[in-house]
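Remarks on the structure that follows.
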2 protein chains.
Amino acid sequence: MNNLNDRKKCILRAITDDYIDTAEPVGSTTIAKKHKLGISSATIRNEMASLEEDGYLYQPHTSAGRIPSDKGYRYYVDVLLELPRVTSEDNKKISQISDYKKDAIEKTIRRSTKILAELTEYISIAVIPEHRNAVFRHIQLVSLDLRNILVILVVDPGVIENRVLFSPRVFSPIELDEISSYLNQRLRGKKGEALTKTLLNELRNSVPEARDLISCIIDLVQEVLTDNDDEVLVADGLLNLLDQPEFQDLDKTKLVLSMFEDHAALAKVLFGLTQTSGAKVRIGEENKSPELKEFSLVTATYYHNGNNVGTIGVLGPTRMAYGRAISVVNEVALSLSELLELF
Amino acid sequence: MNNLNDRKKCILRAITDDYIDTAEPVGSTTIAKKHKLGISSATIRNEMASLEEDGYLYQPHTSAGRIPSDKGYRYYVDVLLELPRVTSEDNKKISQISDYKKDAIEKTIRRSTKILAELTEYISIAVIPEHRNAVFRHIQLVSLDLRNILVILVVDPGVIENRVLFSPRVFSPIELDEISSYLNQRLRGKKGEALTKTLLNELRNSVPEARDLISCIIDLVQEVLTDNDDEVLVADGLLNLLDQPEFQDLDKTKLVLSMFEDHAALAKVLFGLTQTSGAKVRIGEENKSPELKEFSLVTATYYHNGNNVGTIGVLGPTRMAYGRAISVVNEVALSLSELLELF
DNA sequence: TCTTAGCACTCGTCTCAAACGAGTGCTAAA
DNA sequence: TTTAGCACTCGTTTGAGACGAGTGCTAAGA
């Protein structure tokens with residue numbers, strides 16, 4: 001694929017840079033003037049025609065300049081792009097991710113997407129750790145008053161779930177402690193898939209006088225560990241889309257934004273991004289989903305204990321500032337992984 | 001203010017209903033045809049001219065129909081409006097508010113705004129209970145492993161805060177229980193303002209070997225009870241605005257939506273809505289803030305233990321379906337209050 | 001053989017005037 | 001007091017023409 005001569009590379013890079021900058025089709029004279037390549041507009045025109053023939057560029061209509069095609073962007077990203085360093089200003093902002101240290105993992109990720117959206121001015125999305133990989137760590141029952149019992153369920157990595165249960169029967173703190181430690185002993189380290197019916201029934205019947213309470217608790221544990229319909233996707237900066245010149249058409253834009261009302265479906269689209277290290281870039285048609293064919297997606301995974309637990313990234317027009325996006329996404333994923341090591 | 005004769009009332013109501021429905025200036029013939037009032041378009045025209053003179057209507061330009069002015073909407077809401085009953089379908093949706101029963105109050109309110117936005121198709125907003133009115137209820141320290149301690153702080157009404165603290169010194173579960181019950185005993189029922197320096201210092205020095213741990217805990221308590229910069233405003237359905245014909249102008253709409261980036265400032269605008277019972281309606285210019293002069297705001301307060309703790313409502317164009325908005329907002333506020341009674 | 005100046009051509013956008021039509025206010029008759 | 005009739009207003013739509021950015025092609029020059 002590295003089959004372009006140097007001059008073609010320069011021209012393709014110039015056109016792509018310019019188009020990313022201005023959102024206007026780029027003409028040969030513009031290139032000749034702005035980027036002093038030492039060749040005339042006529043020569044550039046010839047090269048452009050050749051690049052178009054090879055599928056790197058296209059014209060929206062005869063009398064317009066050129067726009068990079070998806071193939072063009074792909075070449076740009078793979079071959080031509082030099083990643084800019086993350087500025088210290090950006091780094092300052094990114095470091096805000098760890099500001100609140102150790103609150104729930106989900107909040108941390110929300111904060112990260114928010115920061116990512118602000119930095120890139122695109123839509124920022126994150127897939128949060130799948131609970132089904134989560135492990136039971138600790139449960140604690142606390143008597144708030146006679147009949148209200150606070151259940152605290154701690155799950156690795158970093159999810160803490162609280163629920164206040166109303167119990168018709170009064171339990172003494174000692175009883176609650178006993179129940180807690182029994183459940184802890186039986187459930188510690190278990191994954192959702194390990195919660196077999198046999199086990200659950202055994203637990204339910206273990207303390208006859210607390211059957212109802214334990215039932216409720218088990219439901220909660222199961223709910224948290226098996227992650228039915230819980231939010232798996234976090235998005236921020238949706239409105240940034242309105243600032244992009246290609247989304248001035250309201251109907252089109254509404255269509256896109258309405259995708260974000262069904263987080264579950266969208267998560268599926270964004271899943272299957274299992275990736276090794278570094279940022280992954282999906283450009284336009286490379287996205288399987290037709291709604292995303294005008295979008296590019298730059299994602300990176302973040303880790304917990306060396307395991308790939310989730311994905312974070314940005315979604316923007318194919319005319320995306322790839323360099324900056326990739327740098328920033330990488331940096332954010334890195335910060336997030338570092339922070340999660342502390343959980 | 002009840003100074004319009006019956007015919008004028010009918011015409012004003014017809015124009016307002018029609019304009020709310022179509023978003024197009026309403027002409028005399030339209031009224032004559034759609035609402036069989038038994039009078040000709042010419043008569044309606046005369047009455048319209050009179051209503052315009054009195055400030056209830058205006059024409060966007062000479063050759064157009066009429067649009068209700070803010071004064072016209074106000075009259076419509078105060079005098080002409082008959083509240084529609086909430087349909088059983090709506091009620092079904094509203095009852096989803098209590099689906100998850102007793103998770104944290106903030107989540108409940110988020111869910112409520114989401115439902116409200118879906119039902120009305122306007123922007124839905126809520127001011128969540130001010131923490132400074134919150135009361136310390138319970139604290140619990142749980143040893144997760146040797147050096148990680150989970151702090152659970154329960155605050156009335158319905159806020160549960162978790163934090164994992166890393167402690168260089170190892171505490172036994174018994175020690176942690178002792179610290180918990182000491183703090184519970186000293187802090188139970190206290191408001192943020194009751195946390196004087198003297199008290200806090202006394203607590204800090206009460207158990208010398210746990211000084212650092214207690215310090216961290218106290219910081220957390222103070223943070224939660226004094227509610228520095230925590231989110232006080234929740235909004236949903238921002239994108240609904242794009243479906244309104246009066247907000248097809250992207251620049252204008254972006255300006256409005258950007259208001260929602262500074263929740264704190266917006267909360268101020270929406271505060272000062274201390275109100276008795278039932279929904280409050282603010283129409284167009286009645287809003288102090290100039291950004292909101294094209295908007296109407298329908299709000300109701302919700303209660304906890306008989307105290308007005310927060311506000312929930314919808315924000316839409318002045319051309320709002322007031323009847324439905326008021327009914328639904330009232331119903332949601334009611335459901336929310338009922339649910340909070342259980343907290 | 002490669003480069004480039006020159007030029008005719010294309011086609012989207014901008015401009016402006018004319019036609020259109022929804023709605024009005026006024027007048028005069030019922 | 002109501003209403004049919006009509007001239008008038010003014011925003012919107014339509015279409016023709018001018019404009020111009022950018023192209024491809026040709027032919028001359030390096």
Side-chain angles (χ1 to χ4, degrees), chain A residues 4-12 14-19 21-69 72 245-246 248-249 319, chain B residues 4-12 14-19 21-69 72 245-246 248-249 319:
Chain A
L4 298 183
N5 65 39
D6 281 352
R7 196 168 66 186
K8 282 208 174 75
K9 283 183 189 172
C10 282
I11 291 174
L12 181 54
I15 291 175
T16 310
D17 282 338
D18 224 70
Y19 184 65
D21 204 43
T22 64
E24 299 288 334
V26 186
S28 53
T29 27
T30 314
I31 297 298
K33 266 184 213 152
K34 274 201 199 168
H35 311 255
K36 306 267 262 168
L37 301 178
I39 46 178
S40 76
S41 66
T43 312
I44 294 174
R45 260 196 310 280
N46 287 330
E47 295 287 35
M48 280 162 108
S50 159
L51 281 166
E52 177 161 9
E53 200 167 339
D54 293 343
Y56 294 98
L57 299 175
Y58 72 95
Q59 283 181 288
H61 56 264
T62 334
S63 64
R66 256 64 171 216
I67 295 176
S69 65
E246 41 268 85
Q248 296 305 307
D249 174 8
R319 184 190 64 77
Chain B
L4 297 183
N5 64 39
D6 281 352
R7 197 167 68 187
K8 282 207 173 79
K9 283 183 188 170
C10 282
I11 291 174
L12 180 53
I15 291 175
T16 311
D17 282 337
D18 224 72
Y19 184 65
D21 204 42
T22 64
E24 298 289 335
V26 186
S28 52
T29 29
T30 315
I31 296 298
K33 268 185 210 152
K34 274 201 199 169
H35 310 256
K36 305 267 262 170
L37 300 180
I39 44 177
S40 76
S41 67
T43 311
I44 294 174
R45 261 198 307 280
N46 286 329
E47 295 287 36
M48 281 163 107
S50 160
L51 281 166
E52 176 161 9
E53 199 167 337
D54 292 344
Y56 295 97
L57 300 174
Y58 72 93
Q59 284 180 288
H61 57 264
T62 334
S63 64
R66 256 67 172 213
I67 295 176
S69 65
E246 40 268 84
Q248 295 305 307
D249 174 8
R319 184 189 64 77

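Protein chains get the first letters and strands the later ones, always in sequence-line order, with residue 1 at the start of each. A quick note: this is a predicted structure, and the numbers were derived from the prediction, not measured.
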Working to the nearest 0.5 angstrom, can you tell me the gap between [X] [atom1] and [Y] [atom2]?
X	Y	atom1	atom2	value
A/R66	A/I31	CZ	CD1	11.0 Å
A/I11	A/D6	CD1	CG	11.0 Å
B/K33	B/I44	NZ	CD1	11.5 Å
A/H61	A/Q59	NE2	CD	8.0 Å

Nearest whole angstrom, please: distance from the [atom2] of [N] to the [atom1] of [X].
X	N	atom1	atom2	result
B/K8	D/dT2	NZ	C1'	15 Å
B/I39	D/dT3	CD1	P	7 Å
A/N46	C/dC2	CG	P	11 Å

> Does any N or O in the side chain of B/D54 come within less than 3.5 Å of the main-chain N or O of B/Y56, such that one atom is a donor and the other an acceptor?
Replying inline: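 Checking the backbone N and O of B/Y56 against the side chain of B/D54, no donor-acceptor pair under 3.5 Å is found.
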> With the sugar-phosphate defined as primed atoms, P, OP1 and OP2, and the base as all remaining atoms, what B/S/- string results for nucleotides 4-23 of chain D, 5' to 3', for protein heavy atoms under 4.0 Å?
Replying inline: BB---BBS---------BSB
